[in-house]
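We name chains A, B, ... by the order of the sequence lines, and we start the count at 1 in each one. Given the structure is predicted, the values throughout are model-derived calculations rather than measurements.
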2 protein chains.
Amino acid sequence: MTQVRPMRADARRNYERLLKVAAEAFAEHGEGASLDDIAKRAGVGSGTLYRHFPTRQALLEAAYVDRIEALAARADELGETLPPGEALVEWLNELCAGTIEVRGMKALLGSAVTDGSVAAVTACGTSMKGAATRLVSAAQAAGVLRGDLEPIDVLRLAHGVATASELAKGDGTVIRRYVGLLLEGLEA
Amino acid sequence: MTQVRPMRADARRNYERLLKVAAEAFAEHGEGASLDDIAKRAGVGSGTLYRHFPTRQALLEAAYVDRIEALAARADELGETLPPGEALVEWLNELCAGTIEVRGMKALLGSAVTDGSVAAVTACGTSMKGAATRLVSAAQAAGVLRGDLEPIDVLRLAHGVATASELAKGDGTVIRRYVGLLLEGLEA
DNA sequence: GCACTAAACGGAGACTGTCCCCGCTTAATT
DNA sequence: AATTAAGCGGGGACAGTCTCCGTTTAGTGC
């Protein structure tokens with residue numbers, strides 16, 4: 001489904017360099033980091049960057065897929081080790097923290113959560129939705145979460161809480177507080 | 001505190017034209033609308049625009065002050081005609097709807113809500129915080145809202161809910177739903 | 001090894017947007 | 001009518017995005 005031919009060696013090299021540099025650049029300058037600058041820092045021409053990643057979104061996604069997959073995997077891990085309610089609380093906390101910590105990931109997760117989003121972010125969106133679905137269903141089955149909630153609602157609201165927490169610049173404790181408040185509203 | 005001299009007639013004329021055009025442009029193209037284009041549409045040079053409004057934020061604020069003041073005023077209106085709890089619900093609904101409806105206002109309100117924000121947005125921030133404080137205090141006094149909430153928390157969370165609702169493109173009913181969920185978490 | 005070819009490169013350049021600067025214009029004042 | 005400073009406005013430097021196309025090079029068959 002991906003490539004018929006394997007990538008040429010130089011192409012693969014550049015691809016990975018770009019990814020590494022991009023992650024640094026986004027972390028440093030936020031999601032608005034200059035793409036030409038990223039290309040330059042990776043020692044390639046801008047043409048090369050745009051060939052590999054046609055849009056900023058595409059690069060953003062590629063740079064953070066692993067991080068997002070890790071968050072999704074974490075959901076399952078928590079789901080196995082904690083009772084459903086606590087697993088959900090903890091996951092939402094980590095999700096929000098991650099969203100804020102990695103500057104630029106917010107825009108990415110936002111579009112991953114949006115329905116009918118760009119094809120580029122589908123992979124991420126699917127992982128997150130899958131992870132959310134499992135935790136949400138478990139919590140609902142255990143009777144600790146309202147039954148009228150869809151997983152997508154939970155993801156959207158988490159995104160909202162992350163945004164809200166971000167407005168309280170520098171106060172790290174606020175995330176847990178706001179997640180806590182949100183969850184009281186979502187309890188069964 | 002504002003001007004020692006009154007503004008020259010042509011200056012005032014341009015100022016108001018810019019404001020009007022800017023509101024249209026932001027509504028049409030979102031908060032990223034081209035400033036030079038706004039200047040052109042208003043029939044002035046870009047220098048004139050930048051003299052009146054040194055930053056995008058400044059223009060954004062000026063274009064929407066009246067709208068924000070209206071929202072703040074609405075808080076008092078609701079506070080007088082409805083019981084505290086319902087007033088708060090209704091106000092948050094209108095606030096979120098307004099935030100989403102007027103594209104570009106989100107960024108503005110965001111910085112108005114942020115502590116230690118730019119001087120430019122202080123006026124808006126003050127109105128909103130004042131309005132929020134009155135509604136929140138009343139609701140707390142009536143025992144329908146948790147006592148450990150600051151008005152700024154409520155504003156931040158409202159902003160978060162607006163963001164969350166926005167992710168559900170096109171579904172207008174979702175705002176009330178999400179505001180409702182939030183408020184269940186904030187109840188005393 | 002060598003020649004061949006398609007994949008990949010890269011940077012010039014067109015375009016758009018931001019923002020400042022400074023010579024010119026004009027409203028207000030006497 | 002003369003004066004003057006507030007205000008004007010567009011030219012231009014700069015930064016970013018994205019494309020096009022001539023050049024280079026990895027991989028392959030002989």
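Look at CG on A/Asn14: it is 11 Å from P on D/dA26, rounded to the nearest Å. Taking atom CD on A/Glu16 and atom P on C/dA8, their separation rounds to 14 Å, with Å as the unit. For the pair A/Leu49 CG and C/dA8 P, the interatomic distance rounds to 15 Å; values are reported in whole Å. Atom-to-atom, CZ of A/Phe53 to C1' of C/dA8 comes out at 14 Å; the value is rounded to the nearest Å. The CG atom of A/Asp10 sits 12 Å away from the C1' atom of C/dG10 (whole-angstrom rounding). Look at CE on B/Met7: it is 7 Å from P on D/dG7, rounded to the nearest Å. The distance between atom NZ of A/Lys40 and atom C1' of C/dG11, rounded to the nearest whole Å, is 10 Å. Spacing between atom CZ of A/Arg12 and atom P of C/dC9 amounts to 12 Å, rounded to whole angstrom units.
A donor-acceptor pair under 3.5 Å is absent between the side-chain atoms of B/Asp153 and the main chain of B/Leu149, judged by distance alone.
Every residue two or more places apart in sequence or in another chain that forms a ring pair (Phe, Tyr, Trp, His ring centres under 6.0 Å) with A/Phe53 is listed here: A/Tyr15. With sequence neighbours excluded, the residues satisfying side chain to side chain contact (heavy atoms under 4.5 Å, CB included) with B/Ala11 are B/Met7, B/Arg8, B/His52. In terms of the side-chain hydrogen bond (donor to acceptor under 3.5 Å, both in side chains) criterion, B/Arg13 has no residue partners (sequence neighbours excluded). With sequence neighbours left out, B/Glu90 forms a side-chain hydrogen bond (donor to acceptor under 3.5 Å, both in side chains) with B/Arg176. Partners of A/Asp66 by side chain to side chain contact (heavy atoms under 4.5 Å, CB included), not counting sequence neighbours: none found.
Phosphate proximity of D/dC8 to B/His52: present, with a side-chain N or O under 4.0 Å from OP1 or OP2.
The C1' atoms of five pairs define one axis at each end of the helix from C/dG1-D/dC30 to C/dT30-D/dA1, and these two axes lie 10° apart (to 10°).
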Atom pairs and distances, side-chain donor-acceptor, residues 179-186 of chain B, under 3.5 Å, sequence neighbours left out:
| from | atom 1 | to | atom 2 | distance (Å) |
| --- | --- | --- | --- | --- |
| B/Glu184 | OE1 | A/Arg146 | NH1 | 3.4 |
| B/Glu184 | OE2 | A/Arg146 | NH1 | 3.1 |

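Pairs of residues two or more places apart, or lying in two chains, that qualify as side-chain hydrogen bond (donor to acceptor under 3.5 Å, both in side chains) and include a residue from residues 75-87 of chain B are B/Arg74-B/Glu77, B/Asp76-B/Arg134.
Using a cutoff of 4.0 Å between basic side-chain nitrogens and carboxylate oxygens, B/Arg41 and B/Asp37 are scored as salt-bridged.
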List the protein contact pattern of nucleotides 14-25 of chain C with one symbol per nucleotide (5' to 3'): B for base contact, S for sugar-phosphate-only contact, - for none; contact means a heavy-atom distance under 4.0 Å.
----BBBB----
